[in-house]
Amino acid sequence: MNAIALRAPGTELDDLPLCQGRLAVGRALAGGICVVDDAATARVCFCVDRRGTWLLVAEGVRGVHVNGRPVQRKALLRAGDTVYVDGVEIDLVGSVPHVGAAQAAPSGVAACAAPTMGHPDPRVLLRGTSGPHHGRSLTLERPRIIGSDAGADVRVGDLAPRHVRLAMEGGQAVLRVLAPEADVLVNGEPRRSAILQPGDQLALDAHHRFVLEAPTALLGVKPDGDDQLEPLVPREEPSPPAAPKLRMPWLLLAALLLAAILSALLLL
């Protein structure tokens, strides 16, 4: 998972990294929001653990939204999301370290250690989500090049010959932008290099997009014992079809009645 920092200009949350643990946010005396020491007075808490980044809403607090959707208790967050608390907009920005060099990150953001994804696994895939490579999947068992070069693993004529490189390095999926003029977005943020996690979105231009996929065990899951996680997209389950009404008893009764009438006529 990429390290995440908060961006909320004009508040003490601006350029604040989210590392392992819990960050409590409450109301400031002068108005707005601030970091509070007592979780009991918090309006919301940002929590980071091995399963992901979570927003916890205090009981009875209303007016909290994630990407425009009201949240009453809990929501799973990722880089690129926007949280609204008491009318204050908080953006979640991926502060991903530059591989092999210093990565430009929000000022004051300390790098949080990124968990590893394990050794190269054929189930770790890069899948196209738009453009001519939509639906195509490519494993990261060996380094992959995307670009217009004839030898590229994913050939895209509109890109630089060697546009980007993706590979497993040290147990992590690493993106490196090779072309100096390339504009590459990871979860909506421009990157020259990044450590990717399952579900991260990669946009090479307006028409060519990819997503990193991996086994379920590497994806964020809801906390243990919690059955109340609010889904981001509520879905109604279809009602089961009504069981057909049985007509056999009526048919049997009619047959018996008809038999009785015929028997009575024969006895006359």
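All residue numbers in this chain count up from 1 along the given sequence.
- Of the possible donor and acceptor atoms, none in the side chain of His208 sits under 3.5 Å from a partner among the backbone N and O of Gly131.
- By the 6.0 Å contact criterion, CZ on Arg162 is open, its count of non-hydrogen atoms from other residues, nucleotides or ligands being 12 or less.
- Summarising the geometry, atom CG belonging to Leu125 is positioned 8.0 Å from atom CG belonging to Leu212; distances are rounded to the nearest 0.5 Å.
- In the displayed structure, Arg22 atom CZ is contacted under 6.0 Å by at most 12 heavy atoms of other residues, nucleotides or ligands.
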Check: Does the side chain to side chain contact (heavy atoms under 4.5 Å, CB included) test come out yes or no for Leu204 and Phe210, once each step is laid out?
Finding: CA-CA 8 Å; Leu204 303 184; Phe210 299 83; 3.7 Å; yes
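- In this structure, Ile90 and Ala8 approach most closely via the heavy-atom pair CG1-CB, 4.2 Å.
- The shortest distance between side-chain heavy atoms of Arg142 and Leu140 does not fall below 4.5 Å.
- Side chains of Arg78 and Asn187 form a contact here, defined as non-hydrogen atoms less than 4.5 Å apart.
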Check: Are Leu55 and Val64 close enough, and set up right, to give a side chain to side chain contact (heavy atoms under 4.5 Å, CB included), and what steps lead you there?
Finding: CA-CA 10 Å; Leu55 176 71; Val64 177; 3.9 Å; yes
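- Heavy-atom neighbours of His65 NE2 from other residues, nucleotides or ligands within 6.0 Å: above the threshold of 12.
- Here Leu178 is tied into one hydrophobic group with Ile145, each link being a pair of ILVMFWY side chains closer than 4.5 Å.
- Listed for the Ser148 side chain is no donor-acceptor partner under 3.5 Å among the backbone atoms of Asp158.
- Using a 4.5 Å heavy-atom cutoff, the side chains of Leu23 and Leu6 are in contact.
- We find the CG-CD distance between Leu92 and Glu189 to be 10.5 Å, quoted to the nearest 0.5 Å.
- Two residues are said to be in side-chain contact when any heavy atoms from C-beta on lie closer than 4.5 Å; Trp54 and Leu77 fail this criterion.
- Shown here for Cys34 and Ala28, the closest heavy-atom pair between the two residues is SG-CA, 3.7 Å.
- A donor-acceptor contact shorter than 3.5 Å is absent between the side chain of Arg165 and the backbone of Val174.
- Linking Ile, Leu, Val, Met, Phe, Trp and Tyr whenever their side-chain heavy atoms come within less than 4.5 Å puts Val61 and Leu13 in one cluster.
- Put simply, the side chain of His133 gets close to the backbone of Arg155: a donor and an acceptor are under 3.5 Å apart.
- Tracing side-chain contacts under 4.5 Å through hydrophobic residues (I, L, V, M, F, W, Y), one reaches Val156 starting from Leu138; they form part of the same cluster.
- There is a path of hydrophobic side-chain contacts, each under 4.5 Å, that joins Val35 to Leu18.
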Next item on the list: Given side chain to side chain contact (heavy atoms under 4.5 Å, CB included), test Leu16 with Arg7 step by step and report yes or no.
Entry: CA-CA 7 Å; Leu16 187 64; Arg7 179 173 293 169; over 6 Å; no
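- Here the shortest heavy-atom pairing between Asp14 and Pro9 reads OD1-N, 3.5 Å.
- To the nearest 0.5 Å, atom OG of residue Ser130 and atom CD of residue Gln201 are 9.5 Å apart.
- Nearest heavy-atom pair across Ala182 and Arg192 is O-NH1, 3.2 Å.
- Under the 4.5 Å side-chain contact rule for hydrophobic residues, Val25 and Val88 share a cluster.
- For the atom pair Thr53 OG1 and Ile4 CD1, the distance stands at 4.0 Å (nearest 0.5 Å).
- The shortest non-hydrogen separation linking Val66 to Ala75 is CG2-CB, 4.3 Å.
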Next item on the list: Step by step, work out the side chain to side chain contact (heavy atoms under 4.5 Å, CB included) result for Leu202 and Leu166.
Entry: CA-CA 11 Å; Leu202 175 64; Leu166 292 103; 4.3 Å; yes
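- Nearest heavy atoms, Thr139 versus Arg144: O-NE, 2.8 Å.
- Residue pairs satisfying the side-chain hydrogen bond (donor to acceptor under 3.5 Å, both in side chains) criterion with at least one member in residues 81-90, sequence neighbours excluded, are listed as follows: Arg27-Asp86, Arg43-Asp86, Asn67-Asp81, Thr82-Asp91, Tyr84-Glu89.
- With contacts defined as side-chain heavy-atom distances shorter than 4.5 Å, the pair Leu175/Val164 qualifies.
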